[in-house]
Number of protein chains: 2
Amino acid sequence: MSEETIGELSSGHALVDEIAARIRARIMSGDIPIGAQLRQAELANDFGVSRTPVREALRQLQTGGLIDVVPNRGAVVRVPAPWEVREAYEVRAELEALAAARAVSRISQSDIQRLRVANQDMYDRSIAAGRPGAERATNSRPENDVFHDTITTVSANARLARAIEEINETFPRNVSAQLLVNDDRHREENYQEHLRIIDAIERGDAEAASAQMRAHVIGAGEQLAHWYERRSSTVFTA
Amino acid sequence: MSEETIGELSSGHALVDEIAARIRARIMSGDIPIGAQLRQAELANDFGVSRTPVREALRQLQTGGLIDVVPNRGAVVRVPAPWEVREAYEVRAELEALAAARAVSRISQSDIQRLRVANQDMYDRSIAAGRPGAERATNSRPENDVFHDTITTVSANARLARAIEEINETFPRNVSAQLLVNDDRHREENYQEHLRIIDAIERGDAEAASAQMRAHVIGAGEQLAHWYERRSSTVFTA
DNA sequence: CTGCCGCTAATTGGATCCATGTCTGCCATG
DNA sequence: CATGGCAGACATGGATCCAATTAGCGGCAG
């Protein structure tokens, strides 16, 4: 949360998008925790810009649903209710199922290899991050994303990718990452389910691939919803 | 596009959202056509506010994908390419299929009645709007929306509703409305397909309801894509 | 006559200023 | 001693000001 001046920013695209991306990244990584207040002046100071672009960036995040903006009271990082998680993941399940089905007829052998590598990587890293002495345990999530992102990319539908992204961006990633690290059973299931999906895709079974994917995402959503349930019963604000 | 001062605006929620909604409405209704430039000063003048809230409103619409904002060159209403329409409607088809499936176990008898009435209403109005001497032919679309909105509402998943809405908001409504008015065959198909969906829902057949809905939305998307195809071959800018 | 160059006007984007609304803490009062 | 009201600080939201970039246009040279 310290000083973090923007080096080069006038690289063509709008400054606002840059700011929005940075704030989003902070929230996603857990650097700014859910429920935290976002003061415009502070953010502007951090980025070395005026409040104006920060305000517009916050608007963007608001429409994305990542933060709540109450008039004259400022913005807070949204704390999803467990039922919201389940709703969102039911939708995401359908979207990813479609992605998996579309991927079947478009995937290449090298893509399949990438999927297998990514899955193994994620598994190994999650275990490593759980061992005592791991410097920072938050960054195994990107490895997990590789799996889903690859399938989404292969499915070759930009609007589908965006719809999935919009849902994912509602929930900070570090939470899901922690689940993989801390919960042995969840990590194991995650790994095995990924394998089944890869197998189905490889053998060209669109029906199975989409069904497996749907079940997988629903399961992940259930885990995440559980986490938020447990969290809401604990009392803490920061 | 004339003067349109905002009456009461400090009704609690932010002015920016109000402005964004108004601009969106103008685009959706076709009042501001696709491809048109959106000058901040002009909009600010129309609404009787300064440029600041207009700018933030445009940001919101940008993240929604309704407009394109090029740095230092302003915003234009996005002109979807036909393939984008097909992509989007493939996604929407999946989402609405899910909505239909969920609706089956939750719908009430009165909801079903509402669906039938809405469908008949839309059919009649589309015909009426096509007759010579119809004052304004653009407003049969809301009647069509009632059908889909009802199913979405009954399906009782806020995130699903939002995902569908986000896709719909990418395409101005007056275009789809015109299709119903001008194309007899399309209007007839639309009516019949709605009927089949209602029947499937009423008899509790989730499988059929979702399949019918998927096919229906895909078909509508195809019609819309055709329209944009024909349009792009014609040369005009306004 | 055509193509290139520079200038000017217009428009966006960022910074600053000001008004409005909200929260905190103190103080008076029942 | 608790509660309600009041005042001040503080943060947001909108307006205004200023700089930067771009497009449009006219002149000039080849």
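Labels below follow one simple rule: chain letters A, B, ... track the order of the sequence lines, proteins then strands, and each chain is numbered from 1.
Atoms CG (A:Asp17) and P (C:dG13) sit 10 Å apart, rounded to a whole Å. Rounded to whole Å, the distance from CG on B:Asn45 to P on C:dT11 is 12 Å. Separating the CG atom of A:Leu15 from the C1' atom of D:dT21 is a distance of 15 Å, rounded to the nearest angstrom. Remark: P of C:dG13 and CD of A:Gln60 are 12 Å apart, rounded to the nearest angstrom. Per the geometry, CZ belonging to B:Arg59 stands 16 Å off P belonging to D:dG14, to the nearest Å. Remark: P of C:dG14 and CZ of A:Phe47 are 14 Å apart, rounded to the nearest angstrom. Put simply, CD1 on A:Ile19 is 14 Å from P on C:dG13, counting in whole angstrom units.
A:Arg187 contributes a side-chain N or O that, together with a main-chain N or O of A:Val181, makes up a donor-acceptor pair within less than 3.5 Å.
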Short N/O separations, protein against nucleotides 7-12 of chain D, under 3.5 angstrom:
residue: D:dT12; atom: OP1; partner: A:Gln40; partner atom: N; Å: 3.3

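Classification of A:Glu18 and A:Arg22 as a salt-bridged pair holds, one side-chain N sitting under 4.0 Å from a carboxylate O. Salt bridge present: B:Glu90 and A:Arg102 bring a charged side-chain N and a carboxylate O closer than 4.0 Å.
Residue A:Thr170 holds its OG1 atom at 12.0 Å from CD of A:Glu87, rounded to the nearest 0.5 Å.
Two residues are said to be in side-chain contact when any heavy atoms from C-beta on lie closer than 4.5 Å; B:Arg55 and A:Val16 fail this criterion. At least one side-chain heavy atom of A:Val76 sits under 4.5 Å from a side-chain heavy atom of A:Gln37.
Regarding contacts with the backbone of D:dG14, every side-chain N or O of B:Thr52 stays at 4.0 angstrom or more from both OP1 and OP2.
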